[in-house]
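Data block below; observations after.
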Amino acid sequence: MLAEAPDAEQVFLTADWRVVHATRCALAGWLVVLPRRHTTAISEHTAAEAQQLGRLLVAVSAAIEEHTGCSKTYVAQFAEAAGFEHTHFHVIPRSADLPPDLVGPRIFDYLARPEAEQLSLHERNEHARALRPLITARMS
């Protein structure tokens with residue numbers, strides 16, 4: 001684990017990838033998969049990193065579904081927002097009762113909610129601790 005980093009910043013770690021709970025987020029279980037080295041495009045990854053990423057995205061998605069009870073997950077990668085110009089993959093719980101105005105890419109509105117609606121670090125840490133063993137079991 002990363003020394004002294006909160007659980008939300010180290011939900012799951014491999015040699016090449018790190019899974020974190022999204023910050024400034026109002027949706028429990030929204031995870032982000034980041035490479036451990038700096039890249040700006042998915043095409044910069046090695047075949048071994050890509051193979052591990054595929055397994056990890058499936059494991060993270062299944063863990064989120066089990067933990068949150070969502071019907072499926074969205075997986076998105078843009079790497080263009082100011083300050084986030086690096087490869088990273090959002091794995092987002094998509095509940096069956098998601099309001100129609102938040103379907104698809106509009107789900108990113110959960111990252112633009114007022115601070116009072118955002119999950120606290122304590123809440124993100126709790127979700128991280130619950131998700132870690134679910135991901136670990138699927139990656140074993």
Side-chain angles (χ1 to χ4, degrees):
M1 296 294 160
L2 303 171
E4 303 195 25
D7 288 326
E9 292 296 317
Q10 51 185 338
V11 176
F12 187 80
L13 302 171
T14 73
D16 299 318
W17 299 96
R18 179 168 67 112
V19 180
V20 303
H21 196 292
T23 59
R24 298 183 304 273
C25 182
L27 188 57
W30 182 318
L31 300 183
V32 182
V33 178
L34 306 112
R36 301 279 301 260
R37 66 183 182 93
H38 179 73
T39 62
T40 58
I42 192 169
S43 60
E44 296 174 23
H45 292 274
T46 67
E49 289 169 334
Q51 183 179 28
Q52 189 175 74
L53 174 63
R55 288 188 63 227
L56 187 55
L57 289 174
V58 170
V60 167
S61 292
I64 290 171
E65 289 172 11
E66 181 176 341
H67 175 66
T68 68
C70 68
S71 57
K72 64 179 177 181
T73 60
Y74 291 146
V75 177
Q77 192 267 332
F78 301 107
E80 295 180 324
F84 296 95
E85 302 95 345
H86 55 268
T87 307
H88 61 284
F89 301 86
H90 293 265
V91 187
I92 309 160
R94 198 279 194 213
S95 64
D97 60 351
L98 186 67
D101 62 327
L102 293 174
V103 171
R106 291 176 296 206
I107 201 160
F108 276 82
D109 288 354
Y110 279 106
L111 293 180
R113 297 291 172 93
E115 188 173 342
E117 294 180 31
Q118 296 172 17
L119 297 170
S120 68
L121 177 59
H122 174 76
E123 291 169 313
R124 293 191 325 268
N125 283 338
E126 286 183 337
H127 290 292
R129 287 189 291 271
L131 284 157
R132 183 177 298 125
L134 301 176
I135 297 168
T136 300
R138 288 167 174 83
M139 290 296 289
S140 297

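All values derive from a computational prediction rather than experimental measurement.
Closest approach of Val103 to Leu98, counting heavy atoms only: CA-CD2, 3.8 Å. Closest non-hydrogen pair, Ser71 versus Ala96, comes out as OG-N, 3.6 Å. Nearest heavy atom pair, residue Ala63 against residue Leu131, reads O-CD2, 3.6 Å. Nearest approach of Arg36 to Thr14, heavy atoms of both residues: NH1-O, 2.7 Å. Residues Arg124 and Ala22 approach most closely at CD-O, 3.0 Å, considering heavy atoms. Minimum heavy-atom separation, Ile64 to Gly29: CD1-O, 3.4 Å.
Note that OG1 of Thr39 and NE2 of His45 are 3.0 Å apart. Values are rounded to the nearest 0.5 Å. Taking NZ of Lys72 as the reference point, atom OG of Ser61 lies at 11.5 Å (rounded to 0.5 Å). Taking CD from Glu115 and CZ from Arg24, the interatomic distance works out to 10.5 Å, rounded to the nearest 0.5 Å. Rounded to the nearest 0.5 Å, atoms CG (Leu119) and OG1 (Thr23) are 10.5 Å apart. Note that CG of Asp109 is 11.5 Å distant from CG of Leu27, once rounded to the nearest 0.5 Å.
A donor-acceptor pair under 3.5 Å links the side-chain atoms of Thr87 to the main chain of Ala41, judged by distance alone. Put simply, the side chain of Glu123 gets close to the backbone of Ser120: a donor and an acceptor are under 3.5 Å apart. Within the 3.5 Å criterion, the main-chain N or O of Glu9 finds a donor-acceptor partner in the side chain of Arg18. A side-chain donor-acceptor contact under 3.5 Å links Gln10 to the backbone of Ala5. A donor-acceptor contact shorter than 3.5 Å is absent between the side chain of His88 and the backbone of Pro35.
Among residue pairs with one or both ends in residues 58-69, those qualifying as salt bridge (Lys or Arg N to Asp or Glu O under 4.0 Å) are Glu66-Arg138; sequence neighbours excluded. Annotation: salt bridge (Lys or Arg N to Asp or Glu O under 4.0 Å) contacts involving residues 46-60, sequence neighbours excluded, comprise Arg37-Glu49. Counting only residues at least two apart or in different chains, side-chain hydrogen bond (donor to acceptor under 3.5 Å, both in side chains) contacts with residues 92-107 comprise Tyr74-Arg94, Ser95-Asp97.
Hydrophobic clustering places Val75 together with Val19 (ILVMFWY residues linked when any side-chain heavy atoms are closer than 4.5 Å, directly or through intermediates). Hydrophobic cluster membership differs between Val20 and Leu13, with clusters built from Ile, Leu, Val, Met, Phe, Trp and Tyr side chains linked at under 4.5 angstrom. Under a hydrophobic-cluster definition in which Ile, Leu, Val, Met, Phe, Trp and Tyr are linked whenever side-chain heavy atoms come within less than 4.5 Å, directly or via other members, Trp17 and Ile135 are assigned to the same cluster. Using a 4.5 Å cut-off between side-chain heavy atoms of Ile, Leu, Val, Met, Phe, Trp and Tyr, with links allowed through other members, Leu56 and Leu31 fall into the same hydrophobic cluster. No path of Ile, Leu, Val, Met, Phe, Trp and Tyr side chains, each step under 4.5 Å between heavy atoms, connects Val11 with Leu121, placing them in separate hydrophobic clusters.
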In sequence, state the C-alpha distance, the side-chain angles, and the governing distance for Leu57 and Phe89, and then conclude on side chain to side chain contact (heavy atoms under 4.5 Å, CB included).
CA-CA 9 Å; Leu57 289 174; Phe89 301 86; 4.1 Å; yes
Could you check Ile92 against Tyr110 for side chain to side chain contact (heavy atoms under 4.5 Å, CB included), going step by step and ending with a plain yes or no?
CA-CA 10 Å; Ile92 309 160; Tyr110 279 106; over 6 Å; no
Could you go step by step and tell me if His127 and Thr68 meet the side chain to side chain contact (heavy atoms under 4.5 Å, CB included) rule?
CA-CA 9 Å; His127 290 292; Thr68 68; 5.9 Å; no
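Remark: Asp7 engages Arg129, Arg132 in a salt bridge (charged side-chain N to carboxylate O under 4.0 Å, His left out) (not counting sequence neighbours). Residues forming a salt bridge (charged side-chain N to carboxylate O under 4.0 Å, His left out) with Glu126 (at least two apart in sequence, or on another chain): none. In terms of the ring pair (Phe, Tyr, Trp, His ring centres under 6.0 Å) criterion, residue partners of Phe108 (sequence neighbours excluded) are, by chain and number, Trp30, Phe78, His90.
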